[in-house]
Amino acid sequence: MTINSFIKPADRIASFKPYYFATLAKKISKLQENGLDIIKIDMGSPDLPPEKFIIDQLTASAALPNKHGYTPMGGTPEFRKAIAYYYEKRFGVKLDPNSETVGLIGSKEGLFNMTQVLVNPGDYVIVPDPGYPVYSASTKIAGGKIYSIPLLKKNGFLPDLSSIPQDILQQTKVFWINYPNNPTGAIAPFSFFEEIVAFAKENQIIIAHDAPYVDVCFDDYIAPSLLQVEGAKEVAVEFNSLSKAYNMAGWRLGMAVGNANIIGYIHTYKSQMDSSQFAPVIDAGITAITGDQTWLKARNAIYQNRRDIVVSGLKEAGFEVDTPPAAIYIWARLPEGYEDSMSFCNDLLEATGVSTTPGVVYGQYGEGYLRVSLGTKTERIQEAMDRIKHWIKAK
Ligand SMILES: Cc1ncc(COP(=O)(O)O)c(C=O)c1O
């Protein structure tokens with residue numbers, strides 16, 4: 001191999017590590033080659049497909065001759081109208097499709113790019129800990145500074161707004177929140193949304209609400225949108241996604257809605273960055289968000305059953321677990337005597353083939369926890385719980 005010493009990464013990515021799940025996938029492949037039967041309850045990728053009428057729309061559109069060229073950047077006008085329709089119908093929130101919506105290639109892309117369009121080097125970004133890693137990764141790339149705010153069980157996994165020092169607030173540009181929450185499964189009462197919108201106005205900061213789990217709710221819970229708060233659009237943008245809501249994670253369809261200035265910056269940035277999506281995917285997305293929604297109830301019931309299996313399985317194994325009202329994760333405190341989540345999950349994987357996510361991947365306040373995803377067949381989840389129970393008991 002020739003070593004070209006001039007080939008070096010840019011400073012902004014020099015200290016970057018691969019995304020945790022990319023590294024895990026390599027490890028899992030090796031274990032599988034050695035014959036271990038792996039049960040993946042790590043990543044939040046739904047195992048179930050979207051409803052048939054959505055797939056039918058994809059194939060019908062793909063069969064048309066005029067659906068193979070470039071599509072408008074930031075989503076077709078029809079997709080953006082459909083986003084506005086969905087927001088009005090689901091949340092009673094009125095949006096102007098032209099100025100207050102943008103289509104995304106999955107919401108992860110939008111989360112990352114929003115930071116790029118707003119954050120200058122030296123600006124603070126408040127990120128929840130534990131939290132989805134993209135909030136911090138995108139801040140680092142933009143040269144921003146991270147202020148991690150702990151999400152503690154004693155506060156219902158909500159950030160304590162009064163704990164943020166005044167001098168940090170003065171330098172803060174963006175504050176990330178995410179409810180229903182990954183990884184904790186916590187939900188936010190509407191009063192918290194009202195509180196944070198008022199806080200943002202008072203301190204002149206932008207609230208970015210990452211909300212891909214609003215349509216995965218259990219029992220009688222219905223998750224609200226941050227934009228339901230009066231005047232939220234003055235300071236907030238919300239990200240939503242078809243990945244979990246409609247079992248369409250691989251399709252890469254998402255949206256950002258809210259403050260027209262921010263949405264405008266994202267449109268401009270994206271017009272230089274990407275060339276949107278395949279028209280049949282967008283057409284099927286329109287069908288998903290404007291069509292029959294009743295199938296989501298049956299889908300959520302499947303997750304709810306899995307949730308109950310995991311909660312009782314982990315409790316029996318000695319974990320401390322709350323029953324989440326939404327999202328597709330169980331956030332479990334390791335049994336007594338265990339603290340290091342990375343080695344716990346590694347040992348568990350190697351000994352039993354059950355792959356979970358160590359809590360520390362989501363930040364220092366995730367240490368001592370592990371996360372189980374519900375996006376795997378019910379029998380395999382049951383099998384995973386049995387393996388975990390036996391392993392812990394035999395230790
Ligand atoms: C909190 C959170 N935000 C955003 C995403 C990204 O979703 P997507 O890019 O598939 O829309 C995920 C995916 O797991 C997530 O958990």
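Counting starts at 1 for both ligands and their atoms, in listed order.
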> If you group Ile, Leu, Val, Met, Phe, Trp and Tyr by side-chain heavy-atom gaps below 4.5 Å, do V237 and F79 land in one group?
Replying inline: no

> Is there a donor-acceptor pair closer than 3.5 Å between any side-chain N or O of N259 and the backbone N or O of K233?
Replying inline: yes

> Between the side chain of K270 and the main-chain N/O of M73, is any donor-acceptor distance below 3.5 Å?
Replying inline: no

>> Donor-acceptor pair, distance only, cut-off 3.5 Å: does the side chain of D96 make one with the backbone of N98?
In response: yes

> If you count the atoms of ligand 1 from 1 in the order shown, which ones are under 4.0 Å from a heavy atom of G106?
Replying inline: 9 (O), 11 (O)

>> Under a 3.5 Å distance rule, please check whether R307 uses its side chain to pair with a backbone N or O of I328 as donor and acceptor.
In response: no

> Could K27 and E350 be called an ion pair, given the rule that one side-chain N must be under 4.0 Å from one carboxylate O?
Replying inline: yes

> When you look for heavy atoms under 4.0 Å from ligand 1, do you find them on the side chain of K244, its backbone, both, or neither?
Replying inline: side chain

> What part of L111 sits under 4.0 Å from ligand 1 if we count only heavy atoms: the side chain, the backbone, both or neither?
Replying inline: side chain

> Is it the side chain, the backbone, both or neither of P212 that has a heavy atom closer than 4.0 Å to ligand 1?
Replying inline: side chain

> Is the closest N or O pair between K108 and ligand 1 shorter than 3.5 Å?
Replying inline: yes

>> So for ligand 1, is N178 a polar contact partner (N or O within less than 3.5 Å, distance only)?
In response: no

>> Using a plain distance cutoff, I'd like to know if N182 has any nitrogen or oxygen under 3.5 Å from a nitrogen or oxygen of ligand 1.
In response: yes

> Closest non-hydrogen protein atom to atom 7 (O) of ligand 1, residue and atom name please, with distance?
Replying inline: S107 OG, 3.4 Å

>> Going by salt bridge (charged side-chain N to carboxylate O under 4.0 Å, His left out), D215 matches just one of R90, K244, R299. Which one?
In response: R90

> Taking atom types as modelled, is there a side-chain donor on S138 or Q116 under 3.5 Å from an acceptor on the other?
Replying inline: no

>> At less than 4.0 angstrom from any non-hydrogen atom of S243, what atoms of ligand 1 do you find?
In response: 8 (P), 10 (O), 11 (O)

> Using heavy atoms and a threshold below 4.0 Å, how should the contact between Y213 and ligand 1 be classified: side chain, backbone, both, or neither?
Replying inline: side chain

> Quick one: nearest non-hydrogen protein atom to atom 2 (C) of ligand 1, plus distance?
Replying inline: D210 OD2, 3.3 Å

>> Are any of the N/O atoms on R252, whether in the backbone or the side chain, positioned under 3.5 angstrom from an N/O atom of ligand 1?
In response: yes

> Please state which protein non-hydrogen atom is closest to atom 6 (C) of ligand 1 and give its distance, to 0.1 Å?
Replying inline: Y132 OH, 3.3 Å

> Hey, are Y87 and Q228 close enough side-chain-wise for a donor-acceptor pair under 3.5 Å?
Replying inline: no

> For ligand 1, which atoms, with element, lie under 4.0 Å from some heavy atom of S241?
Replying inline: 8 (P), 11 (O)

